[in-house]
Asker: 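Before we start, here is the structure in question, set down as structure tokens.
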Protein chains: 2
Amino acid sequence: MATINDVAKRAGVSKGTVSSVFSKKRPISTEVTERVLAAAKELSYFPNQLARSLAIKKTMIVGLKIPISREHAMSGFEVQLINGVIRECSKRGYRVLLDTLPEHDDPIHFAVDPVDGVIMLNPRTNDPRIDRYKLMQTPLVLIGRPDPMDASVCYVDNDNVRIGSQVGQYLIDNGHTSVLFLNASSDMTVAADRKSGLYEAFERSGLSTEQLKVLHYSRKQHGNPTKYGYVSLKHSYGNHEFTAVIADTDRVALGALQATRELGIVIPEQLSIVALSDDPILAQETSPKLTSVELSAELLGSEAAKILLKKIKNIGIVQQKVIDAKLILRESCKTYV
Amino acid sequence: MATINDVAKRAGVSKGTVSSVFSKKRPISTEVTERVLAAAKELSYFPNQLARSLAIKKTMIVGLKIPISREHAMSGFEVQLINGVIRECSKRGYRVLLDTLPEHDDPIHFAVDPVDGVIMLNPRTNDPRIDRYKLMQTPLVLIGRPDPMDASVCYVDNDNVRIGSQVGQYLIDNGHTSVLFLNASSDMTVAADRKSGLYEAFERSGLSTEQLKVLHYSRKQHGNPTKYGYVSLKHSYGNHEFTAVIADTDRVALGALQATRELGIVIPEQLSIVALSDDPILAQETSPKLTSVELSAELLGSEAAKILLKKIKNIGIVQQKVIDAKLILRESCKTYV
DNA sequence: CTGAAAGCGCTTACAG
DNA sequence: CTGAAAGCGCTTACAG
């Protein structure tokens, strides 16, 4: 690969000049410009972004840290979220470095990536990476709230307590007093938040939270979300009393739906189902169509990107944003008439 | 941000030594190692990948060039494909730089990206980028065949002629003699390939290709694939004779399905539908379930990544691979009994 | 086991 | 409008 030096020599100019004709940062006479361009073409010269980035300390790349399971495809939620990030970034001329690599616990391996900022999914409790990004002074925005709360970090999130409460209230309003909650895995902050929202709704209505059966997903135990829905329903139905099930995601709901079919349970007459994470396309194609909460994953992604891009331009900004989730009524819940 | 120099000074060693304790490329005494690590910690030092990459000429990043429409979400095909690329890359410790930016025609803006190689989707006819990557000596693998054919470039692809022919034959075997083909946009090589395969099948069976009505998608004209399916069917039904329609993708089929519902056409009794690009989940959730061709997008992605990674390790390798597509029979085609 | 120095390929004040 | 030189933050022969 020819370098800027080769071109400079060939064109009989300094490399600063070559740099300028490509970057257009200072005016170069047309005569020289042409000579340089000709030399560049002859030598098949292409500017090296890496070297450029090192010099100007800017890459026009946004890092997206999103752990992806080795076995399964991305969920609709992840896909939409990535979509939102990409769309927003590409609108502003940024590219996206997808980092799905498992995280190194060893901080020695933590390096500053060739990115201008990073979006990080699902921070864990006391996530050490948050501090490291602070020390690096790398602009960071989380998707999902930091735990413990930290007013100095940027994030976008749904209000998961509210989601739990809302769905609970909806079921209560329609006559349900006992529900099976197929919750997310217990180490996720969303799981705790949604559960507490659900409890809240029950208590508010003077119902006993004893009527709430909450299960947690475990990849080790269940294999995948659809199986989780399937076996959980099969095991629980008959053993526990419940007239409604809340599924953590549409995939979980799919498994549950399958189980009800095999058990001969009629939806929604005998059992109501609502899913919390919604791939709008999927939810409309099941039968019956799935009543579910639209988390607006794409919006989460694009808002995260917006905030990050703002922050990159103006270090110091800190901003949080909660994205509205809405319950979309379709056909899988019995409504009280 | 502290640099390697700061750490070296603080620890009272040379920067080569600091470099070595982080890279472990040459042995450093434990005493010095500890001093360096302590200094690094005190100064919040994190190695700069960018500088490292420039020095060693390696980034451990794979570029994925995948133009994404501003308006719509990614298609199932794209999602699966990206999935395949990511999965394979992350398995080998590579990250993926998603580049969805619109391509600059101006070759002056073509720079060598901070990647070790690139995967490029849907090359155009006489795509100038292919030559540029050659000149840059950037390892390249295409998804979709180069046009014109070029034995020196790596690619993975379905055999789209075969797909067209296979689907055609299947329809013919089941008694169809006239079909509506809702093909991809006319500037895509896949469109031509599939069409010629379909013609082939008709000719082989001694049928008149006059009974083939082929339409092409145009974003300008149709807006989006689903609308394309919807309006095309509405316009064509009644005006043209056909007992089967081949939809370019499942999204197109979705639109067509919707149109048939409104027109009161019973699927598959009155009309057979087969889709060429298959999101397995989507296809199974429509009613009736969609008979469709599984393109194995994920496999396309992972195979492309495999070849690229091999090529990165050993420049000079050239390899092509055609990925099998299979027709999955579900419920949307009438079968001849 | 460690250091001094050249090099990776750019950019950017500073000077003219 | 252009050049010479220092700098971006690393790595790596070479020498000891």
Side-chain angles (χ1 to χ4, degrees), chain A residues 1-37 39-40 43-61 108-116 136-138, chain B residues 1-37 39-40 43-61 108-116 136-138:
Chain A
M1 273 289 311
T3 73
I4 204 172
N5 243 316
D6 304 327
V7 177
K9 275 180 199 151
R10 176 102 173 189
V13 298
S14 76
K15 48 187 193 166
T17 300
V18 177
S19 174
S20 302
V21 351
F22 279 91
S23 70
K24 302 199 164 86
K25 287 221 176 158
R26 49 184 201 176
I28 301 290
S29 70
T30 37
E31 194 258 318
V32 172
T33 298
E34 276 166 18
R35 219 164 62 218
V36 168
L37 255 22
L43 298 172
S44 296
Y45 167 75
F46 299 93
N48 181 326
Q49 278 296 343
L50 211 52
R52 172 150 214 274
S53 294
L54 179 61
I56 67 179
K57 292 164 170 295
K58 191 164 87 156
T59 62
M60 298 298 281
I61 297 176
I108 231 191
H109 287 112
F110 214 76
V112 8
D113 285 334
V115 299
D116 294 338
M136 288 181 179
Q137 303 178 49
T138 299
Chain B
M1 273 288 311
T3 73
I4 203 171
N5 242 316
D6 304 327
V7 177
K9 273 179 199 148
R10 176 99 174 192
V13 298
S14 75
K15 47 187 193 167
T17 300
V18 177
S19 174
S20 301
V21 351
F22 278 91
S23 70
K24 302 197 165 88
K25 288 220 178 163
R26 50 183 201 176
I28 301 291
S29 69
T30 36
E31 193 259 318
V32 173
T33 298
E34 276 166 18
R35 217 163 64 219
V36 168
L37 254 22
L43 298 172
S44 296
Y45 166 74
F46 299 93
N48 182 324
Q49 277 299 342
L50 212 52
R52 173 152 214 274
S53 295
L54 180 60
I56 67 178
K57 292 165 170 293
K58 193 164 84 157
T59 62
M60 298 298 280
I61 297 176
I108 233 192
H109 287 110
F110 213 78
V112 8
D113 285 334
V115 300
D116 294 339
M136 288 181 179
Q137 303 178 52
T138 299

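Proteins get letters first, then strands, A, B, ... in listed order; numbering begins at 1 in each.
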Asker: Sticking with atom P, work out how far D:dA5 lies from D:dC1, rounded to a whole angstrom.
Answerer: 24 Å
Asker: Closest heavy-atom contact between B:Thr33 and B:Ile28?
Answerer: OG1-O, 3.4 Å
Asker: Please classify the nucleic acid contact of B:Ile56 as base, sugar-phosphate, or nothing, using heavy-atom distances under 4.0 Å.
Answerer: sugar-phosphate
Asker: Nearest-nucleotide wise, let me know which of B:Thr33 and B:Ala55 is further upstream toward the 5' end of DNA chain C.
Answerer: B:Thr33
Asker: Within a strict 4.5 Å, meaning less than it, do heavy atoms of the B:Phe110 and B:Met136 side chains meet?
Answerer: yes
Asker: Quick one: how far along DNA chain C does chain A reach, first to last nucleotide 5' to 3', anything under 4.0 Å to a heavy atom?
Answerer: C:dG9 to C:dC14
Asker: Which sits closer to the 5' end of DNA chain C, B:Glu31 or A:Asn48, going by the nucleotide each is nearest to?
Answerer: B:Glu31
Asker: What contact category does B:Lys15 fall into here, base, sugar-phosphate, or nothing, at under 4.0 angstrom with non-hydrogen atoms?
Answerer: base
Asker: Where the side chain of B:Ser20 meets the backbone of B:Gly16, is there a donor-acceptor pair that is under 3.5 Å apart?
Answerer: yes
Asker: May I ask you to test the A:Phe46-B:Asp113 pair for a side-chain heavy-atom distance under 4.5 Å?
Answerer: no
Asker: Scan B:Phe22 against the nucleic acid and name what it touches under 4.0 Å (heavy atoms): base, sugar-phosphate only, or nothing.
Answerer: nothing
Asker: Give DNA chain C the dot-bracket treatment, 5' to 3': Watson-Crick (N1-N3 with N6-O4 or O6-N4) or G-U (N1-O2, O6-N3) under 3.5 Å, [ ] crossing, | other strand.
Answerer: |||.||||||||.|||
Asker: When all nucleic acid strands are considered with a 4.0 Å heavy-atom cut-off, which category describes B:Leu54: base, sugar-phosphate, or nothing?
Answerer: base
Asker: If you define the side chain from C-beta out and look only at heavy atoms, does anything of A:Val32 sit under 4.5 Å from A:Val36?
Answerer: yes
Asker: Relative to the 5' end of DNA chain D, which residue comes earlier, B:Arg26 or B:Gln49, by the nucleotide with the nearest heavy atom?
Answerer: B:Gln49
Asker: Where do B:Ile4 and B:Val18 come nearest, in terms of heavy atoms and distance?
Answerer: CG1-CG1, 3.5 Å
Asker: Take atom C1' in C:dT12 and the same atom in C:dG16, then report the distance between them in whole Å.
Answerer: 16 Å
Asker: Check whether the side chains of B:Ser14 and B:Thr17 place a donor and an acceptor atom closer than 3.5 Å, and report yes or no.
Answerer: yes
Asker: If we ignore hydrogens and angles and just use 3.5 Å, is the side chain of B:Asp116 paired with the main-chain N or O of B:Lys58 as donor and acceptor?
Answerer: no
Asker: Would you compute the distance between atom CD1 of A:Ile61 and atom CD of A:Gln49 and round it to the nearest 0.5 angstrom?
Answerer: 8.0 Å
